[in-house]
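Structure, as structure tokens:
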2 protein chains.
Amino acid sequence: MQGFNQLNKAFESRVRLGIMSILLVNDWVNYTDMKDTLGLTDGNLASHVSSLEKLEYIQVRKEFVGKKPQTSYAATQLGKLEFQKHIDGLERLLKGS
Amino acid sequence: MQGFNQLNKAFESRVRLGIMSILLVNDWVNYTDMKDTLGLTDGNLASHVSSLEKLEYIQVRKEFVGKKPQTSYAATQLGKLEFQKHIDGLERLLKGS
DNA sequence: ATTTTTAACTTTGAAACACAAAGTCCTTTT
DNA sequence: AAAAGGACTTTGTGTTTCAAAGTTAAAAAT
């Protein structure tokens, strides 16, 4: 089975798959946009985000925009690399044998 | 997010992804081959298989080959269809936005 | 004729995960 | 002063994952 062992458990959840695929093409995405784009609840997004952060697959930036706090996310180099591997695994799996 | 909502929870596990992708290109695959190809334990394969069977995504055939019992699996039409939708979702997700 | 092996499970149990709802905290708008 | 917004954390419940061990029935080996 080509690719099967390249699959990363961290990306098996559709939510984390969504987060990473957004962060692969967008450099910084804020909390609210992420939540709305994926249609998640606050708690749900927060927990998936924190698990990706713990793995150092994404980084979190907190700042004030105007007077409001804003949290944004970006994929780290490691995150992009691991996600690419996962995608490659998927593609091989689906094309292969 | 293109594709995100086309993702099927049933295929989020790498094991079930593996099973389905094998059954998409091979008509009937037996228990032992499936287990070895994916490197799974007995119990693990059995449980994933039974969850896919419950959803009617795969069908199970039991017969004797020579003197030995043999269980084989194939994807149903529904299974192939749903899996295709999932794959399409994945592709859109990964290419899109 | 026993013992061992093979095939295919089922059961068990512990850990991880998913997710909504509710609560928190701090700030800003009204 | 009250309400609302942003970003969480906590809680609780239900589901999933997976290996290990146990089960059954037949076949092969001794």
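We name chains A, B, ... by the order of the sequence lines, and we start the count at 1 in each one.
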Practice task
Check whether any side-chain heavy atom of B:Ser51 lies under 4.5 Å from a side-chain heavy atom of B:Glu53, and answer yes or no.
Solution key: no

Problem - Phosphate-side-chain proximity, B:Arg16 and D:dT17, N/O vs OP1/OP2 below 4.0 Å - result: yes

Fill in the blank from the handout: B:Glu63 atom CD is separated from D:dA26 atom C1', nearest whole Å, by 16 Å

Exercise for the section: Starting from C1' on D:dT24, measure out to CG on B:Asp42 and report it in whole angstrom. Expected result: 13 Å

Practice task
Would you indicate what B:Ser13 reaches in the nucleic acid, counting non-hydrogen atoms under 4.0 angstrom: base, sugar-phosphate, or nothing?
Solution key: sugar-phosphate

Practice task
Would you check if there is a donor-acceptor pair between the side chains of A:Asp36 and A:Tyr31 at a distance under 3.5 Å?
Solution key: no

Practice task
Respond yes when some side-chain nitrogen or oxygen of A:Thr41 is under 4.0 Å from OP1 or OP2 of C:dC19, and no when none is.
Solution key: no

Problem - Nearest-Å distance for atom pair CD/C1', residues B:Gln70 and C:dC9 - result: 15 Å

Practice task
Show the numbers, then the answer: is there a side chain to side chain donor-acceptor pair (under 3.5 Å) between B:Asp33 and B:Tyr73?
Solution key: CA-CA 11 Å; B:Asp33 285 351; B:Tyr73 310 108; over 6 Å; no

Exercise for the section: Quick one: sort the A:Phe83 and A:Phe11 rings into parallel, tilted or perpendicular, breaks at 30° and 60°. Expected result: perpendicular

Practice task
Check whether any side-chain nitrogen or oxygen of A:Asn44 sits under 4.0 Å from OP1 or OP2 of C:dA20, and answer yes or no.
Solution key: yes

Problem - Side-chain N or O of A:Thr32 closer than 4.0 Å to phosphate OP1/OP2 of D:dA7 - result: yes

Handout entry: Below 4.0 Å: OP1/OP2 of D:dC8 and any side-chain N or O of A:Thr71
Key = yes

Practice task
Answer with base, sugar-phosphate or nothing: what part of the nucleic acid does A:Ser47 contact at a heavy-atom distance below 4.0 Å?
Solution key: nothing

Practice task
Report the nucleotide, chosen from D:dC8, C:dT29, C:dC9, that has the shortest atom-to-atom distance to any side-chain atom of A:Tyr31.
Solution key: D:dC8

Exercise for the section: Kindly determine whether B:Glu82 and B:Lys85 satisfy salt bridge (charged side-chain N to carboxylate O under 4.0 Å, His left out), including the steps that lead there. Expected result: CA-CA 5 Å; B:Glu82 292 296 318; B:Lys85 269 199 251 171; 3.3 Å; yes

Exercise for the section: May I ask you to evaluate whether B:His48 reaches the phosphate of D:dT16, defined as a side-chain N or O under 4.0 Å from OP1 or OP2? Expected result: no

Problem - d(NZ, B:Lys54; P, D:dT15) in whole Å - result: 12 Å

Practice task
With heavy atoms under 4.0 Å as the rule, sort A:Ser50 into base, sugar-phosphate or nothing.
Solution key: nothing

Fill in the blank from the handout: Atom CG of B:Leu45 and atom P of D:dA19 are separated, to the nearest Å, by 11 Å

Problem - Separation of atom CZ in B:Phe64 from atom P in C:dT6, rounded to whole Å - result: 17 Å

Handout entry: Sugar-phosphate, base or nothing in reach of B:Lys62, heavy atoms under 4.0 Å
Key = sugar-phosphate

